Amino acid sequence: MSQTSGERFGFATNAIHAGQEPDPTTGSVIVPIHATSTYAQDGVGGLRGGYEYSRTGNPTRTALEECLAALESGRFARAFGSGMAATDAVLRAVCRPGDHILIPNDAYGGTFRLVDKILTQWGIEYTPVPLSDLDAVRAAVRPTTRLLWCETPTNPLLTVADIAGLAQVAADADARLVVDNTFASPYLQTPLALGADVVVHSTTKYLGGHSDVVGGAAVTSDPELDEKLAFLQNGAGAVPGPFDAWLTLRGLKTLAVRMDRHCDNAERIAVALGEHPRVRAVYYPGLPTHPGHEVAVKQMRRGGGMISFLVDSEETALEVCSRTELFTLAESLGGVESLIEHPGRMTHASTAGSQLQVPAELVRLSVGIEDVNDLLDDLLSALG
């Protein structure tokens, strides 16, 4: 069980130190990669430090979990082999056959696929709803609603939901509020402090930050819920290996400085896109024109590093995606390098023909930390 001990320190300090005391044996200032599957016992059941088998627990993973808990201002964190593994564990920890959940009507395609194609086979019902409309959320709640699944900002339309408002709706319905905080990162937004029950991350993205590791995490302050997540983590076994945990922990050390640069660059690019004649709309929470800007200002520290925009046609969108040089055409997001993609044919292809289908003329950017003038030249040249 991982508990944060960094309440008295600032974010950047916790990112570097929480769960990462120098190794007591060697003095190593960096957490070792404990590349072991099993651990010697001092007599039957005599565990050293509580470790017996690395699916159940590993010291490198423990360090990562303690750091994640501190950054999200939570008591407990559980690391998983991917963001989808973390999502799956949270849904199974809370829901049972016959239960009903609410999801965003512009949810991440992988989340939608898990709910629509897998959980429904086990008797889970769901309703897509615009989470930015609290009245619509209240109207969609049923007696069997057990969970509100929130992304804010959403992927890929950057819709902003009022976390505190949703927490109240969930509490009134005796349901849980889960917030996917991947786009914002804990540096920009801490949902547990706003009333959420669980925070989920694809640590592949901003937390790892270097496009070299796949992982996920679930953070909570509820000991009963953490116990269920721990059981699933061990029982289902979707855990990260020690090297993956170590890479993520290394990435966390620079999260604060990276996010500042991501935001600086994205703010400049969002403004430039808004002034371009071939761009019909720009979705970026940091812009005053964004419909969720006031809520974003209330619960986010800055607008983040993700931008989506609409052009005049799918043909134009595909053309722009094919013409950039510094913006690499690729899925995923949150790394130090800038990426561009066409959600309708890439990350959100699973939503085609559903209520969650994204516009064909939509382009999504993950703005990296390169020199912003180079990024602007590249993107504006691709737009023509």
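All heavy atoms count here, side chains included; hydrogens, waters and symmetry mates do not. Since the model is a prediction, treat every value here as computed from it, not as a measurement.
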K.L.:
Between His201 and Tyr206 (judged by ring centroids, cut-off 6.0 Å), do the two rings come close enough to count as a pair?
P.N.:
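Centroid distance His201-Tyr206: not below 6.0 Å, so no.
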K.L.:
Do Asp106 and Leu356 come within less than 4.5 Å of each other through their side chains, counting heavy atoms only?
P.N.:
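No, side chains not in contact.
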K.L.:
Ignoring hydrogens and geometry, is there a side-chain-to-backbone donor-acceptor pair from Gln121 to Lys117 under 3.5 Å?
P.N.:
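It does hold such a pair.
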K.L.:
So, Asn155 and Glu151: side-chain donor and acceptor under 3.5 Å apart, yes or no?
P.N.:
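Side chains of Asn155 and Glu151: no pair found under 3.5 Å.
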K.L.:
Counting only N and O atoms by type, is there a donor-acceptor contact under 3.5 Å from the side chain of Trp246 to the main-chain atoms of Val31?
P.N.:
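Pair found, side chain donor or acceptor close to backbone of Val31.
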K.L.:
Do Leu207 and Leu68 have side chains that get closer than 4.5 Å, going by heavy atoms?
P.N.:
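Counting from C-beta outward, Leu207 and Leu68 do come under 4.5 Å.
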K.L.:
Would you please say whether a donor-acceptor pair under 3.5 Å links the side chains of His100 and Thr145?
P.N.:
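There is such a pair between these side chains.
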K.L.:
With a 3.5 Å cut-off and no angle check, do the side chains of Tyr51 and Thr62 form a donor-acceptor pair?
P.N.:
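Checked: Tyr51/Thr62 side chains pair up, N/O donor to acceptor below 3.5 Å.
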K.L.:
Looking only at side chains, do Ser211 and Glu337 share a donor and an acceptor under 3.5 Å apart?
P.N.:
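Side chains of Ser211 and Glu337: pair found under 3.5 Å.
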K.L.:
Out of curiosity, Leu376 CG to Arg268 CZ, how far, rounded to the nearest 0.5 Å?
P.N.:
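So the gap between those two atoms works out to 5.5 Å.
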K.L.:
Between Asp212 and Arg250, is there a side-chain N and carboxylate O pair less than 4.0 Å apart?
P.N.:
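Salt bridge flag = yes for Arg250 with Asp212.
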K.L.:
Between Tyr53 and Asn234, is there a side-chain donor-acceptor contact under 3.5 Å, judged purely by atom types and distance?
P.N.:
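No donor-acceptor contact under 3.5 Å links the two side chains.
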K.L.:
If you take all heavy atoms of Pro191 and Gln189, which pair is closest and at what distance?
P.N.:
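Here Pro191 and Gln189 meet closest at CD-O, 3.5 Å.
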K.L.:
Treating Arg75 as the side-chain partner and Pro223 as the backbone partner, does any N or O pair qualify as donor plus acceptor under 3.5 Å?
P.N.:
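Answer holds: no.
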K.L.:
Run the salt-bridge test on Arg323 and Glu319 with the 4.0 Å N-O cut-off and return the result as yes or no.
P.N.:
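Looking at Glu319 together with Arg323, the answer is yes, because their closest N to O distance falls below 4.0 Å.
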K.L.:
What are the two closest heavy atoms between Thr324 and Ala382, and how far apart are they?
P.N.:
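Closest approach of Thr324 to Ala382: CG2-CB, 3.5 Å.
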K.L.:
Any sub-3.5 Å donor-acceptor pair from Thr60's side-chain atoms to Pro242's backbone N or O?
P.N.:
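Looks like no, no N/O pair under 3.5 Å.
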K.L.:
How about Ser54 and Tyr39: does a side-chain donor come under 3.5 Å of a side-chain acceptor?
P.N.:
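A pair is found: one side chain offers a donor N or O, the other an acceptor, under 3.5 Å apart.
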K.L.:
Determine whether Asp162 and Leu194 make a side-chain contact, defined as any pair of heavy atoms from C-beta on separated by less than 4.5 Å.
P.N.:
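No - every pair of side-chain heavy atoms lies 4.5 Å or more apart.
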K.L.:
Donor-acceptor check, side chain of Asn14 to backbone of Phe11, threshold 3.5 angstrom: yes or no?
P.N.:
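Checking the backbone N and O of Phe11 against the side chain of Asn14, no donor-acceptor pair under 3.5 Å is found.
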K.L.:
So, taking the atom named CD1 in Ile340 and the one named CZ in Arg364, what distance separates them when rounded to the nearest 0.5 Å?
P.N.:
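CZ of Arg364 is found 10.5 Å from CD1 of Ile340.
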K.L.:
Contact between Leu131 and Thr154 at the side-chain level, heavy atoms closer than 4.5 Å - yes or no?
P.N.:
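When only atoms from C-beta onward are counted, Thr154 and Leu131 do not touch, as no gap falls below 4.5 Å.
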K.L.:
Can Thr120 and Glu125 be counted as having a side-chain donor-acceptor contact under 3.5 angstrom?
P.N.:
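Note: Thr120 and Glu125 side chains miss the donor-acceptor criterion.
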K.L.:
Please check if the side chain of His290 supplies one atom and the backbone of Ala296 the other of a donor-acceptor pair under 3.5 Å.
P.N.:
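Side chain of His290 to backbone of Ala296, a donor-acceptor pair under 3.5 Å: no, none is there.
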K.L.:
May I ask you to test the Leu379-Leu326 pair for a side-chain heavy-atom distance under 4.5 Å?
P.N.:
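No; the side chains remain at least 4.5 Å from each other.
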K.L.:
Taking Arg261 first and then Asp264, would you say they form a salt bridge - that is, a charged N and a carboxylate O separated by under 4.0 Å?
P.N.:
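Here Arg261 does not pair with Asp264 in a salt bridge, since their nearest N and O are not under 4.0 Å apart.
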K.L.:
Under 4.0 Å between a Lys/Arg side-chain N and an Asp/Glu carboxylate O for Asp88 and Arg92?
P.N.:
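Yes, charged N to carboxylate O under 4.0 Å.
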K.L.:
For Ser354 and Thr351, indicate whether the former's side chain and the latter's backbone hold a donor-acceptor pair under 3.5 Å.
P.N.:
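Flag set: sc Ser354 to bb Thr351 pair under 3.5 Å.
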K.L.:
When rounded to the nearest 0.5 angstrom, what distance separates CD in Glu66 from CG in Leu71?
P.N.:
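Between Glu66 CD and Leu71 CG, I get 12.0 Å after rounding to 0.5 Å.
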K.L.:
Do Leu114 and Met84 come within less than 4.5 Å of each other through their side chains, counting heavy atoms only?
P.N.:
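Yes, their side chains come closer than 4.5 Å.
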K.L.:
In terms of side-chain heavy atoms, does Thr316 have a donor or acceptor partner in Glu361 at a distance below 3.5 Å?
P.N.:
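On atom types as modelled, these side chains do not qualify, holding no pair under 3.5 Å.
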K.L.:
Between Thr220 and Asp222, do the side chains contain an N or O donor and an N or O acceptor separated by less than 3.5 Å?
P.N.:
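Distance-only check fails for Thr220 and Asp222.
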K.L.:
Output the distance between atom CZ (Phe327) and atom SG (Cys321), rounded to the nearest 0.5 Å.
P.N.:
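Output value for this atom pair is 11.0 Å.
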K.L.:
Is the closest basic N to carboxylate O distance between Arg61 and Asp244 below 4.0 Å?
P.N.:
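Answer for the salt bridge query: no.
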K.L.:
Any side-chain to backbone donor/acceptor pair from Gln20 onto Ala15? Under 3.5 Å, distance only.
P.N.:
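Present.
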K.L.:
Looking at Asp260 and Arg302, is any side-chain nitrogen of the basic one under 4.0 Å from a carboxylate oxygen of the acidic one?
P.N.:
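A salt bridge links Arg302 with Asp260.
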K.L.:
Could you tell me whether Asp226 and Arg78 have a side-chain N and a carboxylate O separated by less than 4.0 Å?
P.N.:
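Yes, this pair counts.
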K.L.:
For Asn181 and Glu72, which I'm curious about, is there any donor-acceptor pair between the side chains at under 3.5 Å?
P.N.:
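A pair is found: one side chain offers a donor N or O, the other an acceptor, under 3.5 Å apart.
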K.L.:
Out of curiosity, Ser366 OG to Lys205 NZ, how far, rounded to the nearest 0.5 Å?
P.N.:
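That separation rounds to 10.0 Å.
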K.L.:
If you measure from SG on Cys150 to CG on Leu166, what distance do you get to the nearest 0.5 Å?
P.N.:
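Between atom SG of Cys150 and atom CG of Leu166 there are 5.0 Å.
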K.L.:
So, for Tyr283 and Phe309, is the gap between ring centers shorter than 6.0 Å?
P.N.:
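They do not qualify: ring centres at least 6.0 Å apart.
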K.L.:
Please name the pair of heavy atoms, one in Pro285 and one in Gly303, separated by the smallest distance, quoted to 0.1 Å.
P.N.:
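Taking every non-hydrogen atom into account, CD-O, 3.9 Å.
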K.L.:
Return yes if a side-chain donor-acceptor contact under 3.5 Å exists between Tyr126 and Asp116, otherwise no.
P.N.:
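Yes, side-chain donor-acceptor contact under 3.5 Å.
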